[in-house]
Colleague: 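My structure is below; once you've seen it, I'll send some questions.
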Amino acid sequence: MRIYQPREELRRYVRYYWVLESDEPFSVLTFPIGCPQMIFHRRTPLFIPELSSRQDKFTISGQVNFPAHIASDGDTEMIVAVFYPHTIGMFIDTPPSAFYNKEISGYDIGNKQLNLLAVRIFDCADSVTAISLIEQWLIARIISSFNIKRLGASLSALLQSPSTSVDNLAGIACLGKKQYSRLFREYVGMNPKEYGRIARFQRALKMMQFGSRDYVGIAYANGYSDQSHFIRDFRQFSGVTPKQLTEYQTPYSDLYTVPV
């Protein structure tokens, strides 16, 4: 697996790209990461046992609130663009609220330019060239947006403190609570309270990633009412308890880790 950082012009919108090539079968438990993704499978798409189906060759993954497994039969080459929580809609002309709790085919949103990009990705020589094509396509579609800027400011506050009230978040964005909630759902794909729960879960994962197994301390540090509350939320988003996850795979917080 290789990580690529975006060009300077895109760093406010794209967190990073990752490329995975594998000739070995694998199965991985995944859970909500809080960021939408654009996925190009240059070889066999991944299989999702819970849905008894494969991802499309060109898949857009939205905000989700449930865990899932992904499996490869050993013929994998995938290129993934990971966006900030509120920015993908600007590039695809479709609000992320349209694919809440879904992985949809990129071909289904009716964007001809995006479909042509997918054709070029599948036809190009290698993944580095493919990322360059993705970046050229994204840069050409950057539009300055005041809504993205003020949502970004409120999201920064939310990520620092996931229990921040919607009233306070709306104040940071200089919007009324009702208008803020509507705009948040349109741009991010879910309501602010639900996203705050995912951020809190990812923040707890970060503490586990860096070695903490003090679940009472993790619960307290992340605004859970007690350890039982933490474990209930954790099970909802991951499908397992914190202890079971550490026995199954290494905890990793995508939302709070900057890959290098």
Side-chain angles (χ1 to χ4, degrees), residues 1-22 30 33-46 54-64 70 72 75-100 102-152 155 183 185-190 254-255 258-260:
M1 182 174 176
R2 302 186 301 278
I3 303 293
Y4 297 88
Q5 297 301 317
R7 287 167 56 174
E8 181 67 32
E9 303 97 308
L10 288 166
R11 288 179 188 170
R12 288 183 293 173
Y13 313 106
V14 179
R15 291 187 62 208
Y16 60 92
Y17 311 95
W18 57 271
V19 174
L20 176 64
E21 297 179 29
S22 177
T30 65
I33 68 169
C35 295
Q37 301 173 85
M38 195 180 286
I39 305 167
F40 300 90
H41 290 285
R42 282 163 53 84
R43 289 158 66 182
T44 305
L46 300 178
R54 292 189 180 275
Q55 293 179 328
D56 196 86
K57 281 183 67 68
F58 172 31
T59 292
I60 297 175
S61 180
Q63 298 286 0
V64 300
I70 55 173
S72 166
D75 182 37
T76 302
E77 181 185 357
M78 55 191 299
I79 301 165
V80 181
V82 181
F83 293 82
Y84 283 98
H86 59 305
T87 59
I88 192 172
M90 178 176 70
F91 298 103
I92 63 176
D93 299 325
T94 300
S97 55
F99 43 92
Y100 168 63
K102 295 178 182 177
E103 286 194 335
I104 65 171
S105 169
Y107 299 113
D108 287 346
I109 63 175
N111 187 315
K112 293 181 180 180
Q113 290 76 25
L114 195 54
N115 294 348
L116 289 173
L117 172 65
V119 170
R120 296 179 69 194
I121 296 301
F122 299 137
D123 286 346
C124 70
D126 53 61
S127 56
V128 173
T129 303
I131 290 175
S132 178
L133 290 173
I134 293 170
E135 295 224 288
Q136 292 172 30
W137 191 90
L138 293 173
I139 288 171
R141 283 154 182 82
I142 294 175
I143 301 173
S144 180
S145 167
F146 186 56
N147 283 337
I148 284 180
K149 290 178 181 177
R150 57 187 176 183
L151 277 174
L155 277 162
L183 201 66
R185 179 168 180 77
E186 179 182 348
Y187 279 73
V188 177
M190 58 174 50
D254 189 288
L255 188 59
V258 180
V260 292

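FYI, the numbering just counts along the sequence from 1. Predicted, not measured: the structure shown is a model, and the values here were computed from it.
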Colleague: Looking only at heavy atoms, what is the nearest atom pair of N115 and G106, with distance?
Modeller: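 Distance-wise, the nearest heavy atoms are OD1-O, 3.8 Å.
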Colleague: Once rounded to the nearest 0.5 Å, what's the spacing between atom CD of E9 and atom CD1 of I142?
Modeller: 6.5 Å
Colleague: If every non-hydrogen atom of H86 is compared with every non-hydrogen atom of L155, which pair is closest and at what distance?
Modeller: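 It is ND1-CD1, 3.4 Å.
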Colleague: Using side chain to side chain contact (heavy atoms under 4.5 Å, CB included) as the criterion, list what pairs up with T94, not counting sequence neighbours.
Modeller: I92, A98, F99, I109
Colleague: If we check side-chain hydrogen bond (donor to acceptor under 3.5 Å, both in side chains) with Y17, which of these qualifies: E135, Q37, Q5?
Modeller: E135
Colleague: Out of curiosity, R7 CZ to I139 CD1, how far, rounded to the nearest 0.5 Å?
Modeller: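 Answer rounded to 0.5 Å: 3.5 Å.
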Colleague: Over all heavy atoms of both residues, which pair between C35 and Q63 is shortest? Give the atoms and the distance, please.
Modeller: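 Heavy atoms only, the tightest pair is N-OE1, 3.8 Å.
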Colleague: Contact between D56 and D108 at the side-chain level, heavy atoms closer than 4.5 Å - yes or no?
Modeller: no
Colleague: For the pair F40 and F58, name the ring-plane relationship: parallel under 30°, tilted 30 to 60°, perpendicular over 60°.
Modeller: parallel
Colleague: If I compare all heavy atoms of F122 with all of H41, which pair ends up nearest, and what's the gap?
Modeller: CE2-O, 3.2 Å
Colleague: Would you give the length of the straight line joining atom CD of E103 to atom OG of S61, rounded to the nearest 0.5 angstrom?
Modeller: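 Answer rounded to 0.5 Å: 4.0 Å.
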Colleague: Would you check if Y187 and S145 make a side-chain contact, meaning some heavy-atom pair closer than 4.5 Å?
Modeller: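 Side chain of Y187 against side chain of S145, heavy atoms only: contact under 4.5 Å found.
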Colleague: Atom CG of L20 and atom CD1 of I3: how far apart are they, to the nearest 0.5 Å?
Modeller: 9.5 Å
Colleague: Which atom names give the shortest non-hydrogen contact between Y13 and T87, and what distance separates them?
Modeller: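 Nearest heavy atoms, Y13 then T87: O-OG1, 2.7 Å.
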Colleague: Please walk me through it: do M1 and S22 pass side-chain contact (heavy atoms from CB on, under 4.5 Å)?
Modeller: CA-CA 8 Å; M1 182 174 176; S22 177; over 6 Å; no
Colleague: Begin with the C-alpha distance, continue with both residues' side-chain angles, and end with the deciding distance and a verdict on side-chain contact (heavy atoms from CB on, under 4.5 Å) for S72 and T44.
Modeller: CA-CA 8 Å; S72 166; T44 305; over 6 Å; no
Colleague: Determine all donor-acceptor pairs shorter than 3.5 Å in which one atom belongs to a side chain in residues 123-130; sequence neighbours excluded.
Modeller:
residue	atom	partner	partner atom	Å
D126	OD1	V128	N	3.2
D126	OD1	T129	N	2.8
D126	OD1	T129	OG1	2.9
S127	OG	R2	NH2	2.9

Colleague: My understanding is that only residues two or more places apart in sequence, or in another chain, count here; which of them pass salt bridge (charged side-chain N to carboxylate O under 4.0 Å, His left out) with R42?
Modeller: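 Salt bridge (charged side-chain N to carboxylate O under 4.0 Å, His left out) check on R42 returns E77.
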Colleague: Under 4.5 Å between any side-chain heavy atoms of I39 and L46, yes or no?
Modeller: no
Colleague: Kindly compute the distance separating CD1 (I88) from CE (M90), expressed to the nearest 0.5 Å.
Modeller: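 Between atom CD1 of I88 and atom CE of M90 there are 10.5 Å.
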Colleague: Would V14 and Y4 count as a side-chain contact (heavy atoms from CB on, under 4.5 Å) if you check the C-alpha gap in whole Å, the side-chain angles of each, and the deciding distance to 0.1 Å?
Modeller: CA-CA 11 Å; V14 179; Y4 297 88; over 6 Å; no
Colleague: Roughly how far, to the nearest 0.5 Å, is the CZ atom of R120 from the CG atom of L133?
Modeller: 4.5 Å
Colleague: Kindly check if the number of other-residue, nucleotide or ligand heavy atoms within 6.0 Å of CZ (R12) is above 12?
Modeller: no
Colleague: Looking only at heavy atoms, what is the nearest atom pair of L255 and R15, with distance?
Modeller: O-NH2, 3.8 Å
Colleague: Does any N or O in the side chain of R43 come within less than 3.5 Å of the main-chain N or O of M78, such that one atom is a donor and the other an acceptor?
Modeller: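 Answer holds: no.
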Colleague: I need the single residue from Y107, F91, W137 that forms a side chain to side chain contact (heavy atoms under 4.5 Å, CB included) with L114. Which is it?
Modeller: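 That would be W137.
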